[in-house]
Amino acid sequence: MKFSEMPYERPDLEALKGQVSTLTDRLKAANSYAEAKAVFLERDQESRRLDTLATLAQVRNTIDTRDKFYDAEVKFWNAALPELEEYEQAWKLAMLQSPFRKEFEAEYGNLMFLNTEIALKTFSPEIVPQLQQENDLTQEYQKLIASAQVPFEGKTYTLSQMTPFQNDADDTRRLAAWKAVGGWFKEHQADLDRIYDQLTHLRDEMGRKLGYENYIPLGYYRMGRNCYTKEDVEQFRGAVRKYLVPLADRVYRVQAQRLGVEYPLSYADAALKFRSGNPKPQGSPDDIIAQGKKFYDELSPETSEFFRAMLDGELMDVLSTEGKAGGGYCTGLLDYRVPFIFANFNGTQGDVDVITHEAGHAFAAWMNRDRVPSSYIWPGMEACEVHSMSMEFMAWPWTEGFFGPDARKYRYTHLAGALTFIPYGTLVDHFQHEVYAHPDMTPAQRHAKWKELQGVYMPWMRLDGDIPFFSEGEAWQRQMHIYESPFYYIDYCLAQTVALQIWALLQRDHKLAWEKYMAYTRQGGSCTFTELLKNAALDSPFDEKCLRSVCEAASAWLDNYDLSGIQ
C-alpha cells in the first residue's frame with residue numbers, strides 16, 4: 001500500500017483504555033504459557049496498530065504543519081498518549097510479574113523485561129499534566145521553526161531553503177545569508193527562550209515528582225539507557241576532548257589556510273570548506289534518488305529489495321516545501337511493515353546524506369520488520385545511528401554518481417565532517433547536563449554556559465562577531481533535539497565513533513566491513529547497544545582505545561588524501 005493510501009481515523013481513547021485493561025486482566029488470568037503468549041501477541045498487534053495511527057498523524061503534520069486536520073490530530077495524541085501511559089504501565093507490570101516470565105525469556109530474551117523495568121521508572125499518573133504540556137511545547141517549537149520566513153535578496157525562504165546560501169562560495173553573499181538566519185532567530189528570541197525555560201522547569205518537576213534529584217536520571221531512563229551510565233558518558237566526553245578536539249582543530253586550521261581567512265573562524269567561514277565551493281550533488285532530486293537506487297541495487301540483494309519497496313510505496317517525502325517541518329527523520333509504520341523517510345532537500349550534500357543516512361535507518365527497520373515483539377525492530381537510539389552513519393560510508397564507491405566532479409571534495413568533507421561533528425555533539429550533551437543540573441538558570445545564564453562550553457569543545461569557532469545570535473551563545477536554539485529529545489544527541493557521537501570503525505575497515509576490506517555491518521544490523525533491537533557491538537566484533541566507544549584508534553586512522557587518511565587541483 002502506498003503511503004497516501006494508508007487510512008487514518010482518530011481512535012476512541014476510552015475504548016483504547018478499556019482494551020489495554022482487558023488484555024492486562026487476561027494476561028494475569030492466564031493458566032498456561034500458551035494462553036499468556038496468545039494475549040502477549042494480541043497486545044503486540046494492538047500496539048502496532050496504535051503506533052501506526054499516531055505516526056501517520058505525526059508524519060502528515062510534519063509534511064505540512066499548516067494542515068489544520070493533522071494539527072488537531074497531533075494535539076489529540078499529545079494529550080492521549082500520556083493518559084494511555086497509566087494503562088501501558090499496568091500491562092508492563094503484569095508482564096514483569098507473570099508466572100511465565102521464564103518461558104517468555106526463553107523464547108523472546110530478557111531485554112524486553114529489562115527495558116520494561118526501565119520504562120516503569122519513567123511514569124506516574126501524577127506527571128500526566130506535565131507530559132501533556134511538554135508535548136504541546138515541543139509542538140509549538142516545531143511549528144515556530146517550520147513557520148520561518150527569512151527575507152533574503154528580495155525573496156523569502158524557509159530555514160532549510162537558506163542552507164545553500166549559507167554555504168555559498170561568495171564571501172559577501174554567504175555572510176549576508178548567515179546574518180539573515182541569525183536575524184530571524186534573534187527576532188524570535190523571546191519565544192525561543194520562553195519555550196525552553198518552560199520545558200526545563202516542566203522536566204525538572206517531573207523528575208522530582210518521580211523521586212529523582214533532578215531531571216537527569218529520568219532523562220536517561222526515558223532514553224532507555226540500559227547498558228551505560230552518566231559516568232560512562234562523562235568518560236566518553238573526556239576522550240573526545242583528549243583525542244578529537246585537537247584533530248578537529250587541526251582540520252579547521254587547514255581549512256582557514258585553504259580559504260585564506262582568519263582563525264578562529266566565523267560561523268560563515270566555517271561553513272565553506274573549499275574556496276571553489278562546497279561539494280554539490282549533480283542533477284535534480286530525481287537524479288539523486290535514481291543514483292540511490294543504483295547504489296542499493298549494487299550493494300547487496302537485501303538493500304536492492306528494500307529501496308525498491310521504498311520507491312514503490314512512495315515512502316519518502318524529501319522535497320523542501322513551505323509549511324514543512326524542518327530537519328529529517330526516519331520512522332516506522334508498523335502495521336504495514338515499512339519505514340518512512342522525511343527530509344528537506346536543499347541542493348547541498350545533505351541531500352545525498354538523506355539517501356544514505358535516513359535510508360540506513362530504514363534498511364535496518366526493513367531487515368527486522370517481522371520481529372516480535374515489535375519493540376525489537378529498533379534498538380536504542382545510539383544503536384540505530386550506527387546503521388545510518390555507517391551506510392553513509394558504504395556509499396563511497398558510488399560517490400562519483402552522486403557528485404560527479406565534486407566526488408573528491410565530498411569524500412574529504414564527509415570524513416572531516418564526521419570528525420568535527422563529534423565535538424559539537426558532545427558539546428550539546430554537556431550543555432544539557434548543565435541545564436538540567438541547574439534548572440533555575442536564567443535564559444541569559446544558559447547562553448553564557450553554551451558560550452563557555454563552546455570554547456572548550458569548538459575552539460576553532462570565533463566567540464565574537466557581528467551576528468549577535470551566533471556570537472552571544474544562542475546558536476544551540478537551532479538544535480531541535482535540545483528542545484524535543486533531551487540527552488538524545490550524544491547518541492550520534494557514540495554511533496559516529498562506531499561508524500568510523502566501519503569506515504577504517506572499509507579502507508582495507510570492503511567485504512569484511514559489509515559482513516560486520518550486516519552482523520550488527522540483523523540483530524535489530526534484540527540486544528543492548530554494547531551487546532550488539534560485541535556480537536558483531538566491533539569495539540565499544542566507551543573504550544578509550546576505540547576513539548584513539550579511529551582518530552589515528554582518520555588523521556593519516558586526511559594527511560595523505562589527494563586534493564591536488566582543488567582550491
Side-chain angles (χ1 to χ4, degrees), residues 10-30 36-58 73-98 100-101 104-105 108-136 138 202-203 206-207 209-212 217-226 331-335 371-381 485 525:
R10 180 188 293 191
D12 183 315
L13 180 57
E14 295 308 312
L16 285 173
K17 293 176 181 177
Q19 185 180 61
V20 179
S21 292
T22 298
L23 288 169
T24 302
D25 290 340
R26 286 173 55 197
L27 179 67
K28 291 177 179 178
K37 178 182 173 181
V39 178
F40 169 75
L41 293 176
E42 187 176 341
R43 175 75 185 109
D44 192 59
Q45 282 300 117
E46 289 303 320
S47 295
R48 285 174 176 260
R49 185 182 73 86
L50 186 68
D51 188 88
T52 299
L53 290 175
T55 302
L56 281 171
Q58 184 68 38
E73 292 310 294
V74 169
K75 283 184 168 61
F76 162 77
W77 288 105
N78 285 350
L81 291 175
E83 287 190 38
L84 282 170
E85 188 60 30
E86 181 176 354
Y87 299 85
E88 296 279 352
Q89 294 273 321
W91 165 265
K92 291 170 183 175
L93 190 59
M95 279 294 295
L96 286 176
Q97 296 174 346
S98 171
F100 308 108
R101 176 168 171 170
F104 275 117
E105 289 181 344
Y108 298 105
N110 178 61
L111 184 61
M112 66 179 187
F113 290 101
L114 173 60
N115 288 341
T116 294
E117 289 168 351
I118 291 173
L120 286 170
K121 298 177 181 180
T122 68
F123 180 79
S124 162
E126 189 179 7
I127 68 168
V128 167
Q130 286 77 30
L131 289 169
Q132 292 171 330
Q133 292 174 59
E134 181 187 35
N135 287 340
D136 288 341
T138 56
L202 269 176
R203 289 165 178 156
M206 285 191 283
K209 282 189 173 183
L210 291 177
Y212 307 117
L218 175 58
Y220 270 59
Y221 289 139
R222 290 177 81 183
M223 285 301 301
R225 303 265 157 85
N226 54 22
T331 189
L333 298 160
L334 302 184
D335 251 2
R371 280 194 177 272
V372 176
S374 55
S375 61
Y376 282 7
I377 294 174
W378 304 91
M381 299 307 295
S485 305

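Predicted model only: the values in this text are computed from it and were never measured.
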Chemist: Quick one, Gln19 and Leu50 - any side-chain contact, counting heavy atoms below 4.5 Å?
Modeler: no
Chemist: Does this structure show an ion pair linking Arg43 with Glu46, if we count only N-O contacts that are shorter than 4.0 Å?
Modeler: no
Chemist: Is the backbone N or O of Ser374 less than 3.5 Å from a side-chain atom of Asp44, with the two atoms forming a donor-acceptor pair by type?
Modeler: yes
Chemist: Just wondering, do Asn226 and Leu111 contact through their side chains at under 4.5 Å, heavy atoms?
Modeler: yes
Chemist: Would you check if Leu334 and Gln45 make a side-chain contact, meaning some heavy-atom pair closer than 4.5 Å?
Modeler: no
Chemist: Checking the side chain of Thr52 only, and the main-chain atoms of Asp335 only, is there a donor and an acceptor separated by less than 3.5 Å?
Modeler: yes
Chemist: As an exercise, state the distance from CG of Leu23 to CD of Glu42, rounded to the nearest 0.5 Å.
Modeler: 5.0 Å
Chemist: State, yes or no, whether a side-chain contact exists between Phe123 and Glu88 at a heavy-atom distance under 4.5 Å.
Modeler: no
Chemist: So which heavy atom on Leu218 is nearest to which on Tyr212, and how close?
Modeler: CB-CD1, 3.9 Å
Chemist: Tyr108 and ring-ring contact (aromatic ring centres under 6.0 Å, His included): which partner among Phe100, Phe40, Phe113, Tyr376?
Modeler: Phe40
Chemist: Counting C-beta onward and ignoring hydrogens, is there a side-chain heavy-atom pair between Lys209 and Met206 closer than 4.5 Å?
Modeler: no
Chemist: How long is the gap from CE on Met381 to CE on Met223, to the nearest 0.5 Å?
Modeler: 6.0 Å
Chemist: Which value, rounded to the nearest 0.5 Å, describes the distance between Asp51 atom CG and Leu56 atom CG?
Modeler: 9.5 Å
Chemist: Which heavy atom in Trp91 sits nearest to a heavy atom in Val20, and how many Å separate them?
Modeler: CB-CG1, 4.4 Å
Chemist: Which heavy-atom pair separates Ala90 from Thr24 by the least distance, and what is that distance?
Modeler: O-CG2, 3.8 Å
Chemist: With a 4.5 Å cut-off on side-chain heavy atoms, are Asn78 and Gln132 touching?
Modeler: no
Chemist: Are any non-hydrogen side-chain atoms of Trp77 and Leu53 less than 4.5 angstrom apart?
Modeler: yes
Chemist: Work out which heavy atom in Leu210 is nearest to a heavy atom in Ser124; give both atom names and the distance.
Modeler: CD2-CB, 3.4 Å
Chemist: State the CD-CG distance between Gln133 and Asp136, to the nearest 0.5 angstrom.
Modeler: 8.0 Å
Chemist: How close do Pro82 and Val128 get, counting heavy atoms only, and between which atoms?
Modeler: O-CG2, 3.6 Å
Chemist: For a quick test of reading the model, state the closest non-hydrogen atom pair linking Gln89 to Ala119 and the distance between them.
Modeler: NE2-O, 3.2 Å
Chemist: Test of understanding: with side-chain contact (heavy atoms from CB on, under 4.5 Å), list the residues that count as partners of Ser485, not counting sequence neighbours.
Modeler: Tyr488
Chemist: CD/Glu117 to CG/Leu93 distance, rounded to the nearest 0.5 angstrom?
Modeler: 10.5 Å
